[in-house]
Undergrad: 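This is the structure I have questions about; it appears just below.
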Amino acid sequence: MQIIVCETPDEGADLVTREILRRLESKPDLVLGLATGSTPIGVYERLVRLHREKGVDFSRVRTFNLDEYIGLSAEHPQSYRFFMRRHLFDALNIPAANIHFPPTEGPELQRKCREYDEKIQAVGGIDIQILGIGSNGHIGFNEPTSSLRSGTRVKTLTEKTLRDNSRFYSSGETQPHLATTMGIGTILGAKRILLQAFGEKKADAIRAIVEGPISAFWPGSVLQLHPETTLFLVRASATRLEMLEYYVRTHHYHRELEE
Ligand code: F6R
């Protein structure tokens, strides 16, 4: 894992966006794995700006979202399909046929989940996977104790995740307890993983996934097995890292080598 401690979330979003842009220039039909939640919004704002102001073309890009709630229609304001339209898709020129979400409806959900992973394989795999992390260490909705080789499937959300995400629901509104998520195995299949974590609420999870043992109890810890993963943190989310100063120094030397 490469760890970059940024001054601000904006700096993290700038770095992630810059890498996406660089890859897009060499591969216009880039395959992006996308996350929802508060963390990636800065990156999406920047991608929209690049398209509007600099004419960056997304017409050949393919996208696969990490997860979606079961029981919410695509028009529901809390659904991840709605979130993605609002923050990204409505403003970019990605053809609808290139946009994919994990299946959440109908019979044979398990088979459709397998087909989601097959679709990702069929386009050559995910080039860049954008990730956030839950305060319990989940990636996608792979909650603690998720199988480390899992494929896309339905998961039950933990109490902690429900509590963390309750801020998006008004009182009386029903919050879904189930979601379909890319599996941990699916995520590990991505060629490049860019995980952002901002705020002190993430500090325990960051400590566990970076410096703890690989464990299904902290699903993000599996990223220790992925050779092309970078974590974009801020001081607040990095405070519990024992080797923080080493990571800062390492990044400094790497930057010098690149210049
Ligand atoms: C969202 C997702 C989740 C979030 C995580 C952090 O698609 O897969 O794993 O990345 O819950 O959420 P925020 O960014 O809202 O703190």
Side-chain angles (χ1 to χ4, degrees), residues 6 9-10 12-13 16 32-45 63-70 72 74 76-89 99-104 113 116 120 126 128-146 150-169 175-188 190 193-206 208-209 216 218-223 229-234 236-238:
C6 305
D10 275 342
V16 170
L32 287 174
L34 299 175
T36 55
S38 345
T39 312
I41 290 177
V43 171
Y44 299 157
E45 284 171 354
T63 68
F64 289 86
N65 261 82
L66 274 170
D67 37 23
E68 176 58 291
Y69 289 116
I70 291 185
L72 299 188
H76 193 290
Q78 298 308 338
S79 79
Y80 285 168
R81 284 161 290 180
F82 188 94
F83 174 100
M84 290 305 300
R85 281 201 307 276
R86 173 163 165 230
H87 289 285
L88 195 69
F89 296 147
I99 293 171
H100 305 89
F101 281 86
T104 54
C113 285
Y116 194 64
I120 293 174
I126 288 173
I128 298 183
Q129 176 67 55
I130 304 295
L131 286 183
I133 188 151
S135 61
N136 64 358
H138 73 208
I139 47 175
F141 272 139
N142 294 285
E143 297 285 39
T145 72
S146 287
S150 46
T152 297
R153 72 217 180 294
V154 174
K155 288 295 292 180
T156 302
L157 307 182
T158 59
E159 283 298 325
K160 192 161 175 51
T161 296
L162 291 171
R163 254 196 328 272
D164 283 351
N165 289 351
S166 62
R167 66 189 193 276
F168 298 117
Y169 293 82
Q175 194 181 346
H177 285 228
L178 295 175
T180 307
T181 179
M182 274 188 202
I184 298 182
T186 317
I187 293 170
L188 282 180
I193 296 180
L194 308 176
L195 184 150
Q196 297 175 94
F198 308 131
E200 64 173 304
K201 243 181 74 184
K202 305 293 172 75
D204 286 338
I206 291 301
I209 73 163
W218 290 98
S221 62
V222 77
L223 299 174
T229 291
T230 301
L231 266 53
F232 299 86
L233 310 177
V234 289
S237 55

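Just follow the structure's listing: the first ligand is 1, and inside any ligand the first atom is 1.
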Undergrad: Tell me: protein heavy atom nearest atom 5 (C) of ligand 1, and distance?
TA: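 Checked against all protein heavy atoms, atom 5 (C) of ligand 1 sits closest to H138 NE2, 3.4 Å.
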Undergrad: How about F64 and Y116: are their ring centres within less than 6.0 Å of each other?
TA: yes
Undergrad: Looking at T180 and R153, would you say the former's side chain and the latter's main chain have a donor-acceptor pair under 3.5 Å?
TA: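 No; judged by distance alone, with no hydrogens or angles, the pair does not exist.
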Undergrad: Quick test of your reading of the structure: of L66, D67, T39, whose heavy atom lies closest to atom 7 (O) of ligand 1?
TA: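 Of the listed residues, D67 has the closest heavy atom.
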Undergrad: Using ring centroids (six-membered ring only for Trp), state whether Y80 and Y69 fall under 6.0 Å.
TA: yes
Undergrad: So which heavy atom in the protein is nearest atom 16 (O) of ligand 1, and how far is it from that ligand atom?
TA: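 Nearest neighbour among protein heavy atoms for atom 16 (O) of ligand 1, to 0.1 Å: K202 NZ, 2.7 Å.
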Undergrad: Tell me: protein heavy atom nearest atom 1 (C) of ligand 1, and distance?
TA: T36 OG1, 3.1 Å
Undergrad: Which of the atoms of ligand 1 are close to G132, meaning less than 4.0 Å from one of its heavy atoms?
TA: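 Taking each heavy atom of G132 in turn, ligand 1 has 10 (O) under 4.0 Å.
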Undergrad: So, do I120 and M182 sit near enough that their side-chain heavy atoms are less than 4.5 Å apart?
TA: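 I120 vs M182: side chains touch.
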Undergrad: Quick one: closest heavy-atom pair of G199 and S237, and the distance?
TA: O-CB, 3.4 Å
Undergrad: Would you mind listing which atoms of ligand 1 come within a distance below 4.0 Å of any non-hydrogen atom of I133?
TA: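 Per the distance check, 5 (C), 6 (C), 10 (O).
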Undergrad: Do other residues, nucleotides or ligands put more than 12 heavy atoms under 6.0 Å from the CD atom of Q78?
TA: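 Buried by this count: over 12 neighbours within 6.0 Å.
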Undergrad: Report yes if some N/O of Y80 lies less than 3.5 Å from some N/O of ligand 1; otherwise report no.
TA: no
Undergrad: Suppose I only count heavy atoms of R167 and a 4.0 Å limit; which atoms of ligand 1 are within that range?
TA: 15 (O)
Undergrad: Please find the pair of heavy atoms, one from P176 and one from I70, that lie closest to each other, and give the distance.
TA: CB-O, 3.6 Å
Undergrad: For atom 9 (O) of ligand 1, which candidate among G134, G140, G220 holds the nearest heavy atom?
TA: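 Minimum heavy-atom distance to atom 9 (O) of ligand 1 goes to G140.
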Undergrad: Under a 3.5 Å cutoff, is there a donor and acceptor pairing between the side chains of T156 and E143?
TA: no
Undergrad: Considering only heavy atoms, which of S135, S38, G33 lies nearest to atom 15 (O) of ligand 1?
TA: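 Ranked by closest heavy atom to atom 15 (O) of ligand 1, first place is S38.
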Undergrad: With atoms numbered from 1 as shown, which atoms in ligand 1 lie under 4.0 angstrom from a non-hydrogen atom of A35?
TA: 7 (O)
